[in-house]
Amino acid sequence: MAKQTVLVVDNGAQYAQLIARRVREAGVYSEIVSHKMSASEVIAREPAAIILSGGPASVHVEGAPQLDPAIVEAGIPVLGICYGFQQMATALGGSVERIGEREYGSTEISATGGIVGEGEQTVWMSHGDRVARAPEGFTVTASSASSPIAAFEDRARRLYGVQWHPEVRHTPGGQEMLRRFLVEGAGLEPTWTAGNIIDDQISRIRDQIGDSPVICGLSGGVDSAVAAALVQRAVGDQLTCVFVDHGLLRAGEREQVERDFVEATGVKLVTCDDAQIFLDALAGISEPEAKRKTIGREFIRSFERAARQIRTDREAGFLVQGTLYPDVVESGGGEGAANIKSHHNVGGLPDDLAFELCEPLRELFKDEVRAVGRELGLPEAIVSRQPFPGPGLAIRIIGEVTAERLDVLRRADLIVREELTAAGLDEEIWQCPVVLLADVRSVGVQGDGRTYGHPIVLRPVTSEDAMTADWARVPADVLARISSKITNSVEEVNRVVLDVTSKPPGTIEWE
Ligand code: XMP
């Protein structure tokens, strides 16, 4: 039986991915589709429920995403959120009007039952239009000062809408409301758990790979470790893991893979010492996308060489990659988002790729990957590791990548990691890229001498999913300690600066 899937229709705001995650947290599988998908295509996918996301537009603006009434008339349970709520109102014969002043931020609502619960609640609002008239057959279930119709539902037809954003943490009861929609409103069973994901993936991996040999590139990160552990669980000894030391790693990462991961899983591991090959390939390249493409290409070449070395009775035919759902969506491979950066494990593969890809995490969000890793018994040090980009330190050196620059960055990065851990900030900080502005120099003074060194940028961020992020408010004394340690012990660096940009408009990495 096909698994129950909730389709989240992305109306173009930043919220669709967060909604999809929250649905999964409630134990139901979800996928994101573009609002451009036709109603017949949406219905043909037989979703167990549909959620219409918020959007930046007003339903009255020309070209705003429209809702085909067929979607709400197909007998499928639907929840409209914010803009999606207004789309529902419009499509079903209600009406939407402008409010004089935008209702934005934490807002008090009064709820009177149904999936929104009862009583006074604090919710997160962000809208300039409101529903003026609910469609026939709907009961109004919540109101706020600016929005007398802040939620409605037609229980018989299983159609629901809310003006606020239940998916954001600023709506404390939001997750419970989503759960009520899924379980009580739509009648779904919360069966999407780490254990079930593993069972499901193991049978899919066996189907795909058969008795063929398979190799998996380990990067030291959570994703490739969990992907490898899953494949090993599925096909055991057919798997050989390859760890490419491309020389773009942080201090200590090689040991973590060679020692800790092998200890935990007993997996077969081959390490390739290819640092010089990558350095040669990267020589003269400063442009970020060119770096990613080069590294992506060399990665695959390294795997291919390793596979030829491994050669048992026949060559490995499959390559496991730890591609996640957000990578797929952000690389434009999903249905909706624009291509912001080509993540090397999705884009940039050479045309003459000699492997078929096996991507067992392609449908998963990071927190699900961690849950799967824990369920598979991987050590916490690997499972809770902060994200680190596949192209490694290469995209944290602004300018050409050289062995000397890598060495400088590695030393600064280690200091930052040690100090953040010592300050107990690992949980709070999503990740902290440390960036070397290798083409920039500034004048400084040290001892009696003038220096002309490079700046190091600290980029600590908080985030839910890396799609959006805020700069982390690291305590000033921790920053001071990091700064003086770096400038004292990494002589090429004479300035430490803090990046105080959110995402958007900045991305997390500098390249
Ligand atoms: P950005 O910089 O796009 O980063 O805000 C979002 C998340 O993705 C990671 N990242 C990458 N990961 N290959 C990867 O495997 C890449 O080319 C790449 N670029 C960015 C970044 O570290 C952050 O977690």
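We're numbering straight along the sequence, starting at 1. Indexing begins at 1, ligand by ligand and atom by atom, following the structure's order. Only heavy atoms go into these numbers, but all of them, side chains included; no hydrogens, no water, no symmetry mates.
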Student: Could you work out, for atom 16 (C) of ligand 1, the closest of Pro391, Pro433, Ser219, Pro504 by heavy-atom distance?
Tutor: Pro391
Student: What heavy-atom pair brings Cys216 and Leu239 nearest, and what distance separates the two atoms?
Tutor: CB-CD1, 3.7 Å
Student: Inspect the contact between Arg179 and Glu176 and indicate whether a charged nitrogen and a carboxylate oxygen are less than 4.0 angstrom apart.
Tutor: yes
Student: Tell me which one of Lys291, Glu289, Arg292 gets a heavy atom nearest to atom 19 (N) of ligand 1.
Tutor: Arg292
Student: In terms of atom number and element, which parts of ligand 1 are under 4.0 angstrom from non-hydrogen atoms of Lys503?
Tutor: 1 (P), 3 (O), 5 (O), 6 (C)
Student: Side-chain donor-acceptor pair under 3.5 Å between Arg297 and Thr294, yes or no?
Tutor: no
Student: What are the atoms of ligand 1, with element, lying closer than 4.0 Å to any heavy atom of Thr507?
Tutor: 1 (P), 2 (O), 5 (O)
Student: If you compare all heavy atoms of Gly210 against all heavy atoms of Val235, which two are closest, and at what distance to 0.1 Å?
Tutor: O-CG1, 4.5 Å
Student: Can you tell me if Glu491 has over 12 outside heavy atoms packed within less than 6.0 Å of its CD?
Tutor: no
Student: Looking at Gln431, which atoms of ligand 1 are within less than 4.0 Å of one of its heavy atoms?
Tutor: 21 (C), 22 (O), 23 (C), 24 (O)
Student: Can you list the ligand 1 atoms lying under 4.0 Å from a non-hydrogen atom of Gly390?
Tutor: 12 (N), 13 (N), 14 (C), 15 (O)
Student: Any N or O of Arg396 that comes nearer than 3.5 Å to an N or O of ligand 1?
Tutor: no
Student: Measure from atom 21 (C) of ligand 1 to every heavy atom in Arg459, Gln386, Glu509 and give the option owning the shortest one.
Tutor: Glu509
Student: Where do Arg21 and Glu464 come nearest, in terms of heavy atoms and distance?
Tutor: NH1-O, 2.6 Å
Student: Tell me whether the rings of Trp192 and Tyr29 are parallel (<30°), tilted (30 to 60°) or perpendicular (>60°).
Tutor: tilted
Student: Would you say Ile508 and ligand 1 have an N/O pair spaced under 3.5 Å apart?
Tutor: yes
